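For reference, the structure is listed below as structure tokens.
This one's a predicted model, so the numbers in the text were calculated from it and none came from an experiment. One-based numbering, in listed order, for ligands and for the atoms of each.
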Amino acid sequence: MVGTVENLQAQFHQFRMSETSKELPSFLRKAEVSSWTYQEFLHELLTYEEKRREEKMIEKHLKWAKFPYEKHLDEFDLGEQPSLSTRQLKQLRELSWLDHAFNLIFLGPPGVGKTHLAIGLGLEAIQQGQRVVFISMGELVPLLKTEEYIRKAQLRLKRIRDADLVIIDDLMYMAMDQQEANLFFQLVNHLYERSSIILTSNKGPEEWGELMGDQGITTAILDRLLHRAEVIHLNGSSHRIKYRKSVFQSKSVQN
Ligand code: ADP
Ligand code: MG
């Protein structure tokens, strides 16, 4: 017995091919109009399901990443950032550091594009099918401290531990006590050689020790972060200040 189109759709749905299920009537029409062979029909159907699954996965990963905003690398003006060459940026965009679980550390004063670069690379990694999480150090520490009893913290930390790339923004923005430094060490240790980390900081590793208090933990954290890492120093003047929007701008006084 040949099922109705509705029955076939229900069957596709049951086999978790929900995208095909939805589009089946339109595929059947196209098959008739274009006189597809059986083989062509199956090929079109399966290719469509595969493409939609990929798109949905990327949408899901984008949601999970929790980027504070979306900034693409195409919007990054290398003319404004003399410490990064076109070749270096191209190499970073190839993402082979990610395949080898290398870390990237962007250092430099505020406003030079550290967060922009981190988000831009994160977005490209997601397009390649990778799982990425963005978190500021200010958010990460309370999350680690409340993991035992807050369900939301557990979920977010699970995504961080399972990610291919973890972006930790503004490291060492805050001083940590011994317990916090310990929890951070455990996370870094878990990610070590399993995932890549991008860190941004306006302080160099030589100053991180002071902020983490305990020299032993600091050394252990630095060891793991820097073992397989590319440290990129960004300088130049702050893009924020240069392109500062002023409330007086439009009515500036003429000399
Ligand atoms: P940081 O994280 O180093 O403090 P951000 O990445 O937040 O700086 O950059 C501040 C702002 O300036 C952002 O809106 C960013 O997009 C922009 N910006 C910084 N550098 C560049 C650049 N080279 N090209 C384009 N935009 C830039
Ligand atoms: Mg920043």
Side-chain angles (χ1 to χ4, degrees), residues 61-62 64-95 97-98 102-127 130 132-144 156 159-160 163 165-176 180 184 187-188 191 195-208 210-212 221-222 225-226 229-250:
H61 288 174
L62 271 174
W64 286 3
K66 284 194 178 277
F67 291 118
Y69 51 82
E70 287 192 14
K71 280 269 171 156
H72 296 268
L73 291 178
D74 291 333
E75 298 165 67
F76 194 81
D77 181 359
L78 279 171
E80 297 267 338
Q81 187 40 264
S83 30
L84 196 67
S85 69
T86 313
R87 192 175 56 85
Q88 279 172 319
L89 183 61
K90 192 163 163 263
Q91 276 178 346
L92 292 179
R93 289 180 93 157
E94 282 165 7
L95 303 180
W97 51 274
L98 188 51
F102 254 73
N103 298 334
L104 300 181
I105 299 178
F106 291 124
L107 299 177
V112 291
K114 302 183 295 295
T115 303
H116 184 149
L117 282 171
I119 294 176
L121 288 168
L123 285 168
E124 298 200 357
I126 289 181
Q127 293 301 325
Q130 309 272 7
V132 178
V133 174
F134 180 102
I135 189 153
S136 70
M137 194 64 182
E139 276 177 283
L140 180 61
V141 171
L143 218 57
L144 288 166
R156 187 93 194 276
R159 290 194 182 144
I160 290 176
L165 168 63
V166 181
I167 301 171
I168 304 176
D169 198 34
D170 277 331
L171 184 86
M172 300 309 118
Y173 179 66
M174 49 192 285
M176 283 190 273
E180 293 166 345
F184 183 58
L187 177 69
V188 170
L191 297 173
S195 331
S196 285
I197 300 176
I198 297 184
L199 287 179
T200 79
S201 182
N202 52 23
K203 292 200 165 61
E206 62 290 348
E207 287 178 81
W208 295 354
E210 284 166 34
L211 290 147
M212 282 192 245
I221 292 175
L222 284 182
L225 287 177
L226 298 172
E230 189 67 51
V231 180
I232 298 154
H233 291 269
L234 299 170
N235 44 46
S237 57
S238 168
H239 197 274
R240 279 197 204 98
I241 292 173
K242 195 167 168 191
Y243 294 96
R244 185 168 59 109
K245 288 202 173 66
S246 163
V247 281
F248 302 119
Q249 215 163 36
S250 50

**Asked** Do Glu80 and ligand 1 have an N or O pair less than 3.5 Å apart?
**Response** no

**Complete:** One finds that the ligand 1 atoms under 4.0 Å from a non-hydrogen atom of Glu75 are 24 (N), 25 (C)

**Fill in**
Rounding to 0.5 Å, atoms CD (Glu206) and CG (Leu222) come to a distance of 9.5 Å

**Asked** Counting only heavy atoms, which portion of His116 has something under 4.0 Å from ligand 1: side chain, backbone, both, or neither?
**Response** both

**Request:** Any chance you could measure Leu78, atom CG, to Gln88, atom CD, to the nearest 0.5 Å?
**Result:** 9.5 Å

**Message:** So, regarding Thr115 and ligand 1 (criterion: nitrogen or oxygen to nitrogen or oxygen, under 3.5 Å), is there a contact or not?
**Reply:** yes

**Asked** Does Gly113, backbone or side chain, put an N or O under 3.5 Å from an N or O of ligand 1?
**Response** yes

**Request:** Could you list which atoms of ligand 1 come closer than 4.0 Å to a heavy atom of Pro110?
**Result:** 4 (O)

**Message:** Quick one, Gln81 and Phe76 - any side-chain contact, counting heavy atoms below 4.5 Å?
**Reply:** yes

**Request:** Kindly determine whether Phe67 and Leu62 satisfy side chain to side chain contact (heavy atoms under 4.5 Å, CB included), including the steps that lead there.
**Result:** CA-CA 8 Å; Phe67 291 118; Leu62 271 174; 4.2 Å; yes

**Message:** Closer than 4.0 Å to some heavy atom of Asp77 - which atoms of ligand 1 meet that?
**Reply:** 22 (C), 23 (N), 24 (N), 25 (C)

**Prompt:** Is there an N/O/S atom in Thr115 that lies less than 2.8 Å from the Mg ion (ligand 2)?
**Reply:** yes

**Considering all heavy atoms, the nearest Glu70-Glu75 contact** = O-OE2, 4.5 Å

**Fill in**
Within 4.0 Å of some non-hydrogen atom of Tyr69, the atoms of ligand 1 are 7 (O)

**Asked** Would a distance-only check, ignoring hydrogens and angles, find a side-chain to backbone donor-acceptor pair under 3.5 Å from Ser195 to Ala163?
**Response** yes

**Gly111-ligand 1 polar pair, N/O distance under 3.5 Å** = yes

**Asked** Just distances here: any N/O of Val112 and N/O of ligand 1 closer than 3.5 Å?
**Response** yes

**Request:** State if Gly108 counts as touching ligand 1 under the rule of any non-hydrogen atom under 4.0 Å.
**Result:** no

**Message:** Checking side-chain polar atoms at under 3.5 Å, does Asn235 have a donor or acceptor matched by the opposite partner on Ser83?
**Reply:** yes

**Item:** side chain to side chain contact (heavy atoms under 4.5 Å, CB included) between Val132 and Leu121, intermediate numbers included
**Value:** CA-CA 10 Å; Val132 178; Leu121 288 168; over 6 Å; no

